[in-house]
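As a basis for the values below, the full set of heavy atoms in this structure was taken, side chains included, without hydrogen atoms, waters or symmetry mates. Every chain is numbered from 1 and lettered A, B, ... according to where its sequence line falls, protein lines coming before strand lines.
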Amino acid sequence: MLRAEIREEDPLQSTTEHTSINVIFFDTLAKDFSQSVKQGDIVLLANFTISKSPTFLRDKLHPCQLEMDNKDACVYVCPSAIPGPSSSEAKYVYVPLNKLKSKTLVNVYGVVTFFKQPFPSKGSDYCTTLKITDQSDVKVICTIFCKKLEDHPLIFRVGDIIRLHRFKAEAFRDSITLINTFGWSTVTFNGIIDSPIVPRTSSKSFFYGEADKRRVQELRQWAANQSLCSDLNTSLSSVQPHMYFDFTCQLLAKAVMHSGCILLKVWDGTRCQLPLLQVAVPPDELEGECTLAKDKMNLTANVLVYDNHLEVARDLKPGAFLRFYNLRALLQKVPGQLPDQPEHLGFHLHGGTVYGRGLRSLPAETPDLLSLKSVLEKHVDLDEHEEVNDGTLLEIWYTPPESIGAEENAGPAYTVQTCEHNTQRITLAQVKRSTPPLSCHVRARVKKYLPQQLYQCLKLFCSKCKTMKDVPDDSAVANIFLESARDNQPCDEQWAATSSANSREPGRTISMHVSKDMVGKSSHMQLIFIEGMTLDEISVLSRDHKNLVPVRSENSKMTRMDLTAPFLFSGKKRYYGCKQCSRNTFENPVFTGVETWDEQAVAAVLGVQMMQYRFLIQFELDDVTDTIEALLWEDAERFFHISAVDASGCQDLQDRIQTIMDTIQPPESSLEERPWMDFCLSVYTVKDNDRNKVCYQITNTEIVKQ
DNA sequence: GTTTAGGGTTAG
């Protein structure tokens, strides 16, 4: 038994849907038919019977089949005018590119090193120019003139392998060029080693056999070691401003901007690192899908196509896979944009074909598209959200991408806004475009924060002169005490009761002074002035004494220590004064009338302008549309639910801040893994060298108690 | 059995 598949000779004249049908031959007829027929031959069948095709569902051919089981059944085989592969292979001889002779007719194989999409020549035809090379390492320019665009070779990228039949070799400017001539044909193959060898051609008939496969394999192998292949790895996520690059993508939508410009909205499934240009198009002028959700996620590239490329762009259908060649990435200002705001990345396919500039659609099944398709498939969940009404779209627009379709991320996880602002949440890109002053709500993740050493986020701030400084480290403070204690002679003040003792080190005397008014009061009520102690000693002593004021003597008069050191030790807390705003020294302090000594009272008596403890953290926030640097400053204590001064003397509280920061930005985590947080942002301007600088501060935002 | 192009960045 033998099965043959035959097709209607002229499908256009066929009135039925199925133009191919199975024929079953039996016995001698099967054997004879097998020996005399070649693919492409015309057959004439008579006296068959018609039965249901059992393979209809599987092979999608005609639901019936023809069975040649009748004793009168016969078949005539008419050899086709098109020669079969077996007879044609020997006819083609391929000339190496270094052996081309002028004025000869040749067939060649080569690897494409450069090519241009077909462009209109000044004559009657479209022209394709390309450059090829082979193992001889000679490069030859080829020119193909042909009236019909669809008959031009299907070259997708540098590295493709092309076979040229019936080309004329000509000398031009000291080198040989190839031009198509009568009866010409071209076949191309992709240059990827070990990928299936599938001929691409628009020729009506072409010969292709085992010898061709071998030749393609040889050239692929050779080319792989020559680094001829163009870089097709530029994705939207890696594109940089001012680049020229080849870009493989899918067309989402298109719109005619004016007679000289078509907008193509495309994506490759990766997110651009820079904000992408948004081009406003009225919905009824946009052909294809609404890209709002993808725009929002910085996934949609807007390509403006001009001049000679309009012809190709006009015929493209949304959903098509495209490759742009030598596309230009440019930073552009949005109309009405303020000078300080970031520019947006747009893409231009300007006129001309230099460096191969152009675009073409790629057949959906080409192996060139495998990686693109696999990236796009990861975004399938997005599409469902685009078939929704405007209200939902608006919501998606204002929702960070990862929370789309993920219920568990829908609500704020770690922060809550405590303000009364009734503003709709906006994107960071919109924040940057806004005009200060302004309060707004955003949802973002923490990309980075400073200082990374969290103890450095504790600052000293003078509310009078607005000076801010770091908390001095222990070694600096210890040095001040050490210097002061050296060769110190205890001071002698009339108002103080003094007791002194020798330290273990020779020459250092430790003294303690208490106001005579306070003698006999319990120790926690007392204000004790200490002299000649080291930092360690004061620290030990301060465990049991609430108010220790370190002093030194100058000409037997009691003087404050340098204000780099704390002016007061109280339990584990240390209080600092502002060098600029404090009085130089204190004389005859008045201690009467003070019932309880706290840091305020001590500062007042000593003439010290006390510095406040504050938290200061700079966050880099990211919500995909943009990033901004926002300070956590005035509302930092509310944010953490921790007082800065308490944290200054308490390791547990410092650890709690570290824990919160590790939740917001888990160590070693990628941005995508970090929690979304809701922030109230205050946008304001600050004079900076006579220029107005826009600043962002996190206000009215608190960590949710876990 | 003619001609075209014969690579090398627009300027929106």
In whole angstrom, give the distance that lies between atom [atom1] of [X] and atom [atom2] of [N].
X	N	atom1	atom2	result
A:L304	B:dA11	CG	P	14 Å
A:N308	B:dT4	CG	P	20 Å
A:F167	B:dG1	CZ	P	20 Å

Quick one: list whatever passes side-chain hydrogen bond (donor to acceptor under 3.5 Å, both in side chains) with [X], sequence neighbours left out.
X	answer
A:T685	none
A:T270	A:D268
A:H152	A:T128

[atom1]-based separation of [M] from [N] [nearest Å]:
N	M	atom1	result
B:dG1	B:dA5	P	23 Å
B:dG6	B:dT10	C1'	23 Å
B:dG8	B:dG12	C1'	22 Å

Chi class for B:dG7: syn within 90° of 0, otherwise anti: anti

Does anything in residues 117-133 of chain A form a salt bridge (charged side-chain N to carboxylate O under 4.0 Å, His left out)? List the pairs, not counting sequence neighbours. A:D125-A:K147

Quick one: which residue pairs count as a salt bridge (charged side-chain N to carboxylate O under 4.0 Å, His left out) with a foot in residues 179-189 of chain A, not counting sequence neighbours? none

How does protein contact run along nucleotides 5-10 of chain B, one letter per nucleotide 5' to 3', with B for base contact, S for sugar-phosphate only, - for none, heavy atoms under 4.0 Å? BBBBBB

Exactly one candidate in A:T113, A:L164, A:L219 meets side-chain contact (heavy atoms from CB on, under 4.5 Å) with A:I132; the answer is A:L164

